[in-house]
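Remarks on the structure that follows.
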Amino acid sequence: MSKFQAPKGVSEYFPDRSRYFEFVRETLIDSARRSGYQLIELPVFEDTELFTRGVGESTDVVSKEMYTFEDRGGRSITLRPEGTAGVMRSVIEHNLDRGQLPVKVWYSGQFFRAERPQLGRYRQFYQVGIEAIGLQDPEIDAEVIAVADSAFKKLGLKNYRLEITSLGDSQTREKYTKDLRSYISTLDLDEATLARASINALRLFDDKREEVRALMAGAPVLMDYLTSESSAHFDRVKECLKEFEIDFQINNRMVRGLDYYTGTAFEFVHQGLGAQSGIGGGGRYDGLMSQLGGADLSGIGFGLGVDRILLACEAEGIQLPPNLALQLFLVPMGELAKLPAVKLAQELRVAGLSVDVAYGNRALKGAMKAADKSGALFALVLGENEIASGLAELKNMRTGDSTSVTLRTLQEDLLKLF
RNA sequence: GUGGUCGUAGCUCAGCUGGUAGAGCAUCCGGUUGUGGUCCGGAAUGUCGCGGGUUCGAGCCCCGUCGAUCACCCCA
């Protein structure tokens, strides 16, 4: 065993599981592309203040989970704990919002939070996210939710549910929070719980203890405080989701970890992931952009946890589509065939085919086994006989049939097949 | 960050009240002068996470440490 180990709490993906990871990530991204979102590629570290101002000082993410360090120029730098603040920064910095609205972008990559690791909760985790900026229409809220939902359906996930709510505008929230706090102050709660409530009163709704849940049953409900505009917006979102045939559940006690959410908020929860059940979440943010020094534009987006979605797929026993990456596996027989084989492989690759070669001096049986393992669709043995005659057997690895081909026309023949 | 459980071959795990390691799968070779997936035979593989302690003797007991995992917390 090596003396080096991966740092605590990171997930790594290597063959063969990396193929599964890739499949999940690409499916998510594909769904975003299909709805007109374009890639925005951003740094994994930012000025610390971007997160303290954007995400909110009172959140756990900012107050105790950030990887913050000083760079050589004495700047305070933080590894991104979430994606939206960075996107806003870039949009403002490069005036992307000066053109046609909305700005629709997707991103993917690693995020960092210094938490105690658990299955599905990592210090470095992978997210795919989208943001649609500069549009108030409730239809775009539904679109964002639908991008995530259709990706999950494409993956074949079944045991998940979508929860939605509306958090209202900032004034509504203020008034509601005040009432909620005064309600909580009438309850008989221990000190730790009260401390939790003082940071974010909504969190008590999430408490795992039955007693606390029972006490909170009588608490005021945010939904009752919504202005008529907020209600109408939310109704329209729900209407759209129904039209899209996306099932959802209203959760008027949803707790979001980031301060900037207003209006529509949603969460995808998977059954069977233990305590870390959230596979994605997002919502609308009205004040974020102006707070970061940009125009007063609203936006909506989500972040999906690729690590957790992968776990969810595995939990549901979802099979990976067969590996179609390799089209041909070449098996040279004997020393004399080696150079012609690698030359042929290289020519075919340049022509656009995907080809691997059985290297090493393995017995034919071993080489064929390697061909099988590679997942290649075809195998071709190239020995002295083939080189002399210019004829070879092209074996279909799926069916086991082989057809006679001339080496001279192999390239065309293969290109015709794919 | 707090508490519990766990850490043995590449993987999944067995290993009795302490007597110096085993299975299945995977790998490699062969049964079939040059054709994989099944079957059969054979081979190779371990600082028993790491460091210390107790003991004649530690995979097993004790302490520390690293990691995973579960719950809390939090969330993707």
Neighbour count >12 (heavy atoms, 6.0 Å) for atom CG, A:D47: yes
Heavy-atom side-chain contact between A:L258 and A:Y261 under 4.5 Å: yes
Side-chain heavy atoms of A:E386 within contact of A:L391, under 4.5 Å: no
Atom-pair distance (CZ on A:R17; C1' on B:rC11), nearest Å: 13 Å
Summary of protein contacts for nucleotides 70-76 of chain B, nucleotide by nucleotide, where a base hit scores B, a sugar-phosphate-only hit scores S (4.0 Å, heavy atoms): BSBBBBB
Ring centroid separation A:F112 to A:F45 under 6.0 Å: no
Strand RNA chain B as a dot-bracket string - pairs counted if Watson-Crick or G-U with both distances under 3.5 Å, | where the partner lies in another strand: (((((((..((((.....[..)))).(((((.......))))).....(((((..]....))))))))))))....
Pairing of A:E174 and A:K178 as salt bridge, 4.0 angstrom limit: no
Counterpart residues, salt bridge (Lys or Arg N to Asp or Glu O under 4.0 Å), relative to A:R362 (two or more places apart): none
B:rC39 and B:rA26, which share atom name P, separated by this distance in whole Å: 9 Å
Touch class at under 4.0 angstrom, heavy-atom based, for A:K395 against every strand present: base
Touch class at under 4.0 angstrom, heavy-atom based, for A:A363 against every strand present: sugar-phosphate
Base of B:rG34 paired with side chain of A:E393 (donor-acceptor, under 3.5 Å): no
